[in-house]
Number of protein chains: 2
Amino acid sequence: MEKPQAGARGRNRNGERAERSAQRDPERTRASILAAATQEFAENGMGGARVDAIAERAGINKRMLYHYFGDKEQLYLAVLEEAYIGIRTAEKAINLSDLEPEEGIAELAMFTWRYFLEHPEFLSLLGTENLHRARWLRQSTRLKELHSQLMGKLSDLLERGRAKGLFREDVDPLHLYLTMAALGYFYLSNQYTLSTIFGRDLAEHPNLEGWERHIVHVTLASIRR
Amino acid sequence: MEKPQAGARGRNRNGERAERSAQRDPERTRASILAAATQEFAENGMGGARVDAIAERAGINKRMLYHYFGDKEQLYLAVLEEAYIGIRTAEKAINLSDLEPEEGIAELAMFTWRYFLEHPEFLSLLGTENLHRARWLRQSTRLKELHSQLMGKLSDLLERGRAKGLFREDVDPLHLYLTMAALGYFYLSNQYTLSTIFGRDLAEHPNLEGWERHIVHVTLASIRR
DNA sequence: CAAGCCAGTAACTAAACAGTTACTTTGTGG
DNA sequence: CCACAAAGTAACTGTTTAGTTACTGGCTTG
């Protein structure tokens, strides 16, 4: 009890939980910088994000930001990597082996839609990264190895549906994935200009539910025989 | 000949074409600032765009930029307005009255795709504007009056197709428009991250043509009875 | 032809910005 | 219990940035 293990987290030398009193907590500091940076970059893009604003949001000293992440660009890359890891991890958890081909495709389409809906910061970071022509994504060896889990699941479902005579023979899995993703991404990422121009609030609940059904409908219609 | 009309453009007091020698040409100056700003904002977003860079690209003195447009924000708004006017003008020129419903829908889908393909700066500006939740678009009375011409043409084609028993009864014209736009927008605006992750260059010609066919296929499949 | 306005220039300014320096505090292993 | 490393702070620095000032030169109209 008198001598706590070295490097142990969650307890200080008195054996009390450290989370409360901890004045010094590297992991927590790192995590709060990353969370603050995710918000700031998502809201303002790479060019508009302010290092001082991130430090303030995180409630830390700016020096710490440079201590943990090097500079603004490396911090941005860390944010981007974490965002991709988030969706890839969620994709892994989906289990479709019990489902019929059509149900499985519908499930994947809804998963993608709901993930986008619940993670607007991911969409925003994608937009920023594409504005810069994937400059940081291309640098990241970590992310290039992190393939989408969805493609494999999609190919499997297509194969099963084809065998049953439900789906067309010549469906490209990438095209199918892009179709589902496009319908969700565009609706959400462009909701502000679209709502303004069409005078119809796309973020309202009935509209969101309607669009989810629409995505499933379009996706299935495009592959059925 | 000795007295040129007031405000006449294109000629100086000697009756010579002014375009060549003109040291002073307000319209040309204004236009070149706007063109330079369009590029700069499209490449770097609102936060990343630099007023000095715009002035340099336009080959003018920075003072002129403030003279003609007030400040950075108003210049950005002018760029955005011009971009929207561009697509709305192009939409107006489409004539579909001679076409069968299916052909007409296909034509509109291809028009949207090709317009996006040929005007990457428009996509980029849309992305930036949505990052800021349509902050400037909402301010612009000019743009709020500028409704999409496509919606009317789309409703007409849907009606004709429905009457012939080709299309489903309950197709929402807005959903149809969003579907066509989403498929084109996402493919192009996210081409850099997608190409990196899937290891397949989406900008290659065969891929672009394949995607155009795909858009037409998906759009029609989604509305057919 | 002169008066005045409008297009245009160069150099400046105050604030914002990313990144650094020099220092203090805290925890822990020998 | 001390020495050292890592966590943390405050104040600073050089540069970049949007926007301005004070000025020049040319065109048009009365």
Side-chain angles (χ1 to χ4, degrees), chain A residues 1-19 21-33 36-37 40-41 44-77, chain B residues 1-19 21-33 36-37 40-41 44-77:
Chain A
M1 269 292 180
E2 277 213 61
K3 209 161 191 183
Q5 319 119 275
R9 78 177 91 107
R11 291 176 183 278
N12 63 16
R13 92 163 128 230
N14 298 321
E16 292 156 350
R17 299 222 133 243
E19 283 106 38
S21 62
Q23 292 167 300
R24 312 182 63 162
D25 186 339
E27 263 180 74
R28 203 226 296 251
T29 302
R30 221 192 107 97
S32 69
I33 294 172
E40 176 74 9
F41 284 121
N44 303 299
M46 177 65 183
R50 297 289 162 251
V51 171
D52 293 270
I54 294 169
E56 205 185 344
R57 274 177 195 250
I60 53 101
N61 188 283
K62 191 167 52 152
R63 180 68 185 78
M64 287 296 91
L65 191 153
Y66 288 96
H67 182 250
Y68 286 108
F69 293 98
D71 63 12
K72 188 184 177 182
E73 298 206 5
Q74 286 175 267
L75 175 57
Y76 169 78
L77 181 57
Chain B
M1 269 292 178
E2 276 216 62
K3 209 163 192 181
Q5 318 121 278
R9 80 177 88 109
R11 290 177 185 279
N12 62 16
R13 90 162 130 237
N14 299 320
E16 292 158 349
R17 301 221 132 243
E19 284 105 38
S21 61
Q23 293 167 297
R24 313 184 60 166
D25 187 339
E27 263 180 76
R28 204 227 295 249
T29 301
R30 221 192 106 97
S32 69
I33 293 172
E40 177 73 10
F41 283 121
N44 303 300
M46 177 66 182
R50 297 289 163 248
V51 171
D52 293 88
I54 294 169
E56 205 186 345
R57 275 178 194 249
I60 52 101
N61 188 283
K62 189 167 53 152
R63 178 71 184 78
M64 288 294 92
L65 190 154
Y66 289 95
H67 180 63
Y68 286 108
F69 294 97
D71 63 11
K72 189 184 176 183
E73 297 206 5
Q74 286 175 268
L75 174 58
Y76 169 79
L77 182 56

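All chains are named by letter (A, B, ...) in the order of the sequence lines, taking the proteins before the strands, and each is independently numbered beginning at 1.
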Problem - Test salt bridge (charged side-chain N to carboxylate O under 4.0 Å, His left out) applied to A:Asp71 - qualifying residues, sequence neighbours left out - result: none

Practice task
Verify the contact: side-chain N or O of B:Thr29 to OP1 or OP2 of C:dG8, cut-off strictly under 4.0 Å; return yes or no.
Solution key: yes

Problem - Whole-Å distance separating the CG atom of A:Asn44 from the C1' atom of C:dC17 - result: 14 Å

Handout entry: Whole-Å gap separating C1' (C:dA7) and CD1 (B:Ile33)
Key = 11 Å

Exercise for the section: Considering just the side-chain nitrogens and oxygens of B:Tyr68, establish if one lies under 4.0 Å of OP1 or OP2 belonging to C:dC6. Expected result: no

Problem - d(CD, A:Glu56; P, D:dA10) in whole Å - result: 13 Å

Handout entry: Pairs where residues 55-76 of chain A contributes a residue and the test ring pair (Phe, Tyr, Trp, His ring centres under 6.0 Å) is met, not counting sequence neighbours
Key = A:Phe41-A:Tyr76, A:Tyr76-A:Trp136

Exercise for the section: Tell me, please, which residues at least two apart from B:Glu56 pass side-chain hydrogen bond (donor to acceptor under 3.5 Å, both in side chains). Expected result: none

Practice task
Using only side-chain N and O atoms of A:His67, determine if any of them is under 4.0 Å from OP1 or OP2 of D:dG8.
Solution key: no

Completion exercise
note: B:Arg28, atom CZ; C:dG8, atom C1'; distance rounded to Å ~ 14 Å

Practice task
In whole angstrom, give the distance that lies between atom CG of B:Leu65 and atom C1' of C:dA10.
Solution key: 16 Å

Handout entry: Interatomic distance where CZ belongs to B:Phe69 and P belongs to C:dG8 [whole Å]
Key = 12 Å

Handout entry: Counterpart residues, side chain to side chain contact (heavy atoms under 4.5 Å, CB included), relative to B:Ala53 (two or more places apart)
Key = B:Glu40, B:Arg50

Problem - Minimal non-hydrogen separation, A:Ile54 against A:Ala36, with atom names - result: O-CB, 3.6 Å

Provide a list of protein-nucleic acid N or O atom pairs under 3.5 angstrom, restricted to nucleotides 18-20 of chain D.
{"residue": "D:dA18", "atom": "OP1", "partner": "B:Ala49", "partner atom": "O", "Å": "3.2"}
{"residue": "D:dA18", "atom": "OP1", "partner": "B:Val51", "partner atom": "N", "Å": "3.3"}
{"residue": "D:dA18", "atom": "OP1", "partner": "B:Lys72", "partner atom": "NZ", "Å": "3.3"}
{"residue": "D:dA18", "atom": "OP2", "partner": "B:Val51", "partner atom": "N", "Å": "3.0"}
{"residue": "D:dA18", "atom": "OP2", "partner": "B:Asp52", "partner atom": "OD1", "Å": "3.4"}
{"residue": "D:dA18", "atom": "N7", "partner": "B:Lys62", "partner atom": "NZ", "Å": "3.3"}
{"residue": "D:dG19", "atom": "OP2", "partner": "B:Tyr66", "partner atom": "OH", "Å": "3.3"}
{"residue": "D:dG19", "atom": "OP2", "partner": "B:Lys72", "partner atom": "N", "Å": "3.1"}
{"residue": "D:dG19", "atom": "N7", "partner": "B:Lys62", "partner atom": "NZ", "Å": "2.8"}
{"residue": "D:dG19", "atom": "O6", "partner": "B:Lys62", "partner atom": "NZ", "Å": "2.5"}

Problem - Rounded distance in Å - CE (A:Met64) to P (D:dA6) - result: 12 Å

Exercise for the section: Under the side-chain hydrogen bond (donor to acceptor under 3.5 Å, both in side chains) rule, collect the residues that match up with A:Arg30, sequence neighbours excluded. Expected result: none

